Amino acid sequence: MLDIKVLRENTDAVRRGALKKRMPDRAAAVDRALQIDAELRLLLPTLDGMRSEQKSAGKAMGKLAGAEREAFLEKQKALKAEMQALEEKEKHLRADLQQQLSLVPNLPDDDVPEGKDDTENVETKRHGTVRDFGFEPRPHYEIGEAQGWVDFTRAADMAGSRNYILFGDLALLHDAVLRFAVELMVERGFVPVDPPLLVRDAAMFGTGFFPGGEEQTYRCEKDGLNLIGTSEVPVTSLHGGEMLTEEQLPKKYVARSACFRREAGTYGKDTRGLYRVHQFQKVEQVIVDVADRARSLQHHRDIVQNAEDLLQAFELPYRVVAVCGGDLGVPQAMKYDIETWMPSRKGYGETHSASRFYDYQARRLDLRYRQKDGGKPMYCHTLNNTVAASPRILIPLLENHQQKDGTLRVPKALQRYLGGREVIGRPVF
RNA sequence: GGAGAGGUGGCAGAGUGGCCGAUUGCGUCGCCUUGCUAAGGCGAUGUACCGGAAACGGUACCGGGGGUUCGAAUCCCCCCCUCUCCGCCA
C-alpha cells in the first residue's frame with residue numbers, strides 16, 4: 001500500500017506507474033481514491049467540530065440537574081441525530097478509501113524496464129556456457145520416467161493434472177537441493193524458519209497477494225484459511241503489527257516450505273513434466289530492514305547473488321533478467337528473475353524471482369520499527385528471493401547433467417547428500 | 001469438541017458509565033548529584049488523521065465489528081486471539 005500523501009502529491013507518477021505495469025484498471029483506482037479522500041477531508045472538520053461540542057457538553061452534563069439538565073439533554077439528542085448520518089457517511093468513505101488504496105500498485109522503480117510482458121524483460125547478466133552434448137539431450141521427464149524416478153500418470157489419477165510423484169534417487173536429489181539451499185543461507189546468517197502453510201486473509205492481503213491473487217490460491221473456506229503459494233507470505237508477515245527496534249534489524253530469514261498454486265488460466269501451458277505444478281517445495285529468503293533505499297538496493301543485489309551462488313554450485317548456466325513493467329506484480333517496486341538453462345525448452349526457464357518492495361508490504365502489514373535516535377516510527381522495507389524451488393530446479397539438473405546412457409552426473413556440491421555418489425541412475429538408453 | 005479466565009500505551013500492569021488518552025512500574029531520552037563501575041534525584045516520553053508556514057488546536061484509537069446511552073476502556077451482542085482444565089488425537 002502506498003501512503004495517501006504520495007497519491008496526493010505525486011498523482012501523476014502513481015498513475016504512470018500503474019500504466020507502466022500495464023494495469024489501467026488499477027490506475028483508475030488512483031483517481032477514485034483521491035476523490036474519496038477529498039470528500040472525506042471535506043466532511044471531517046464538520047464532524048470533528050460536532051464531536052468536540054458533544055464531548056464538552058457531555059462533560060458539563062455530569063454537573064447539571066433538574067430542568068436545566070432536561071433542556072440540555074434535548075439539545076444533545078438533536079446533535080446526536082444530526083451526527084449519526086455524517087458518521088455513517090464517514091464510515092463508508094473510510095472503507096471505500098481503504099479498498100481503493102489497496103488496489104493501487106506499488107510504484108515501479110526507475111530501473112524497471114518498459115515492456116508489455118515477459119518477452120520484454122531485459123537480460124542483465126549471463127553466466128556459464130551451454131553444454132555441447134554430442135548427442136541428442138532428452139527432456140527431464142523422459143529421463144525421469146525411464147529411470148522410474150517420476151510418475152505423472154498415477155499422480156494425475158489420484159490428484160489431477162499438474163501433479164507428480166518422485167521416487168528413489170530423484171526424491172533424494174530433490175531433498176538434497178533443498179537441504180543445500182537451507183545450509184547455504186544459514187551459513188550466511190539467515191535464520192531458518194518453518195512457517196505455517198495455511199494463513200488468514202490478513203497475511204495474503206498484507207503481502208499484496210490479495211486482492212487480485214484469489215484465483216491463484218487454494219482456499220479452505222470452512223476455516224477461512226489459504227494455502228500459501230510461497231513462504232514469503234507467512235515469513236514477511238511474521239512481524240506484522242509489531243513495533244520493532246532499529247537494533248533488531250535487519251531480520252534475515254530462510255524458510256523451507258511446501259507451496260501450493262492453482263495455476264488457474266494456464267491451461268495448455270507447460271503441461272509436460274515438472275515445470276508448472278500445483279505443489280512444490282521452496283526455500284525462500286526474506287529480509288526485513290530499515291526504511292533506507294540504498295540498503296534495499298544492496299540487499300537486493302545480495303539476495304540475487306545468494307541464488308547465483310547456488311546455481312554456480314550446481315554447475316548450471318543461467319541468466320539474470322530485469323523484469324519489465326508489464327511483467328511486474330502489484331506490490332513489487334522492482335524484480336529480477338533468474339532463468340536457468342533448460343535444454344528441453346531450448347531456452348532459459350525461470351527458477352528464481354527476487355523482489356524489492358520498499359515499504360509497500362510493511363504498510364499493509366503494519367510492520368514498523370522505532371528509530372535509534374528518536375523520531376517517528378517508520379515502516380520497514382522488505383525483500384525476498386527464491387533460494388531453490390524444487391522440483392522445477394530438477395529440470396536443469398537432469399537435463400544439463402544427463403549422460404548419453406540416461407545416468408545423471410551429480411554436481412560436487414550435492415554429492416554429500418547422496419552418499420557421496422558422483423553418478424546416479426542406471427544406463428537406460 | 002466442553003468448561004472457565006483474560007486481551008489496555010515499546011513492555012509489564014491498574015482502571016467497572018462523565019473527574020480517563022488513561023494511575024503506576026520498567027524501558028528510552030534530557031538535565032542534576034556522585035570523581036570513574038554501580039546507584040540516586042528531577043523532568044520528558046503513544047499512534048493516526050484533520051486544520052495550520054509554524055507554534056499550536058481539534059478528533060479518533062483501551063483485540064475487531066455492531067449495539068445501549070446525552071456520554072463507553074468500563075454495560076450488552078457477534079467474531080478473533082491467548083491462557084488453564086477436561087475430552088479427543090498426529
Side-chain angles (χ1 to χ4, degrees), chain A residues 1-9 33-102 194-206 210 219-226 234 237-249 251 258 288 290-291 359 362-380:
Chain A
M1 192 133 55
L2 293 174
D3 191 342
I4 182 72
K5 287 177 194 149
V6 173
L7 299 221
R8 282 183 206 144
E9 287 156 24
L34 283 173
Q35 203 209 318
I36 298 165
D37 179 54
E39 273 186 66
L40 192 59
R41 286 206 285 169
L42 206 62
L43 175 68
L44 279 179
T46 322
L47 192 55
D48 279 356
M50 290 166 87
R51 281 185 174 132
S52 178
E53 190 185 334
Q54 184 186 57
K55 221 171 152 178
S56 57
K59 280 183 186 174
M61 173 87 56
K63 302 180 180 88
L64 296 179
E68 210 179 357
R69 188 186 163 91
E70 290 305 312
F72 222 89
L73 224 133
E74 284 309 309
K75 213 175 105 194
Q76 290 307 107
K77 275 187 182 171
L79 179 64
K80 184 190 180 185
E82 206 181 332
M83 279 174 68
Q84 263 167 350
L86 294 185
E87 285 188 324
E88 191 68 14
K89 192 173 170 194
E90 183 204 14
K91 201 175 73 190
H92 283 119
L93 286 174
R94 282 194 194 280
D96 290 349
L97 177 60
Q98 194 60 18
Q99 202 201 338
Q100 294 305 322
L101 203 53
S102 76
D194 192 329
L197 309 183
L198 278 165
V199 299
R200 292 175 189 284
D201 290 343
M204 298 300 290
F205 175 88
F210 289 176
R219 180 170 173 83
C220 303
E221 195 55 60
K222 228 184 263 179
D223 301 290
L225 295 172
N226 309 283
S237 302
L238 222 167
H239 299 289
E242 291 183 27
M243 180 78 74
L244 302 171
T245 60
E246 192 168 339
E247 289 75 17
Q248 292 175 274
L249 298 170
K251 293 275 189 191
V288 177
V290 295
D359 64 3
R363 206 172 273 282
R364 287 171 162 250
L365 287 165
D366 188 27
L367 168 52
R368 296 179 297 172
Y369 68 98
R370 198 170 286 287
Q371 290 174 288
K372 210 180 300 179
D373 13 300
K376 293 217 163 240
M378 301 287 284
Y379 287 104
C380 297

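Keep in mind that what you see is a predicted model, and the values were worked out from it rather than measured. In what follows, chains are A, B, ... by sequence order, proteins preceding strands, each numbered from 1.
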Report task. Classify the nucleic acid contact of A:Lys80 as base, sugar-phosphate or nothing, counting any heavy atom under 4.0 Å across all strands shown. Result -> base
Requested in this report: Would you confirm whether A:Arg370, through its side chain, and A:Met243, through its main-chain N or O, come within 3.5 Å as a donor-acceptor pair?
Outcome: no
Query raised in the report: Which value, in whole Å, describes the distance between the C1' atoms of nucleotides B:A60 and B:A72?
Result: 14 Å
Query raised in the report: With both distances under 3.5 Å as the test, what is the Watson-Crick or G-U wobble partner of B:C42?
Result: B:G30
Query raised in the report: So what does A:Arg363 hit on the nucleic acid, given a heavy-atom distance under 4.0 Å: a base, only sugar-phosphate, or nothing?
Result: nothing
Query raised in the report: Would you say a side-chain N or O of A:Lys91 is under 4.0 Å from OP1 or OP2 of B:G65?
Result: no
Requested in this report: Run the numbers on A:Gln248 and A:Thr245 for side chain to side chain donor-acceptor pair (under 3.5 Å), then give the verdict.
Outcome: CA-CA 5 Å; A:Gln248 292 175 274; A:Thr245 60; 3.2 Å; yes
**Report entry** Qualifying residue, where the test is side chain to side chain contact (heavy atoms under 4.5 Å, CB included) with A:Leu93 and the options are A:Leu43, A:Leu44, A:Asp37
**Finding:** A:Leu43
Query raised in the report: Can you tell me the Watson-Crick or wobble partner of B:U37, both distances under 3.5 angstrom?
Result: none
Report task. Can you tell me, in whole Å, how much space there is between the P of B:G25 and that of B:G40? Result -> 13 Å
Query - Pairwise side-chain contact, A:Met378 with A:Glu246, heavy-atom cut-off 4.5 Å (strictly under) - result: no
Query raised in the report: When the C1' atoms of B:G46 and B:G52 are considered, how many whole Å apart are they?
Result: 23 Å
**Report entry** Nearest-angstrom distance from the residue atom CG of A:Asp3 to P of B:C50
**Finding:** 9 Å
Query raised in the report: If you measure from the C1' atom in B:A22 to the same atom in B:G9, how many Å do you get, rounded?
Result: 9 Å
Requested in this report: Return the value, rounded to whole Å, for the distance between atom CE of A:Met50 and atom P of B:C70.
Outcome: 16 Å
Report summary line: Winner on side-chain proximity to A:Arg370, out of B:U59, B:C50, B:G10, is B:G10
Report summary line: Testing B:U47, B:C80, B:A60 for proximity to the side chain of A:Pro377, the answer is B:U47
Query raised in the report: Taking the side chain of A:Met243 as its heavy atoms from C-beta onward, which of B:C50, B:G10, B:C70 lies nearest to it?
Result: B:G10
**Report entry** A:Asp359 and A:Arg368 ion-paired at < 4.0 Å
**Finding:** no
Query raised in the report: A:Met378 has an atom CE; how far is it from atom P of B:U47, in whole Å?
Result: 13 Å
Query raised in the report: So which one's nearest nucleotide on RNA chain B is more toward 5', A:Arg51 or A:Lys77?
Result: A:Arg51
Query raised in the report: If the C1' atom of B:C62 is compared with that of B:U47, how far apart are they to the nearest Å?
Result: 13 Å
Report summary line: Scanning all shown strands, the Watson-Crick or wobble mate of B:G25 with both distances under 3.5 Å is B:C11
Query - Rounded interatomic separation in angstrom, taking CG from A:Leu79 and P from B:U59 - result: 13 Å
**Report entry** Pairing partner of B:U59 (Watson-Crick or G-U wobble, both distances under 3.5 Å)
**Finding:** B:A48
Requested in this report: Specify the separation, in whole Å, of atom CG of A:Leu225 and atom P of B:C81.
Outcome: 9 Å
Query raised in the report: Taking the C1' atom of each, how far is B:U74 from B:U8, in whole Å?
Result: 12 Å
Query raised in the report: Between A:Arg41 and B:G51, does any side-chain N or O lie under 4.0 Å from OP1 or OP2?
Result: yes
Report summary line: A:Arg368 CZ to B:G10 C1', in whole Å, measures 11 Å
Query raised in the report: Roughly, in whole Å, what's the span from CG in A:Leu42 to P in B:C50?
Result: 13 Å
**Report entry** Distance, rounded to the nearest Å, where A:Lys376 contributes NZ and B:U47 contributes C1'
**Finding:** 8 Å
Query - Distance in Å, A:Glu247 CD paired with A:Leu249 CG, rounded so as to fall on 0.5 Å steps - result: 9.0 Å
Query raised in the report: Hey, does the side chain of A:Ser52 come within less than 4.0 Å of B:G58's phosphate (OP1/OP2), counting only N and O?
Result: no
Report task. Identify whether the distance between the nearest side-chain nitrogen and carboxylate oxygen of A:Arg94 and A:Glu90 falls below 4.0 Å. Result -> yes
Query raised in the report: For A:Gln84 and A:Asp48, take the nucleotide of RNA chain B holding the closest heavy atom to each; which residue's nucleotide lies nearer the 5' end?
Result: A:Asp48
**Report entry** Distance, P atom - from B:C11 to B:G27, rounded to whole angstrom
**Finding:** 16 Å
**Report entry** C1' atoms of B:A39 and B:A54, separation to the nearest Å
**Finding:** 42 Å
Query - Assigned partner base of B:U82, Watson-Crick or wobble definition, under 3.5 Å - result: B:A5
Query raised in the report: Taking a pair as Watson-Crick or G-U wobble with both distances under 3.5 Å, which nucleotide is matched to B:C70?
Result: B:G18
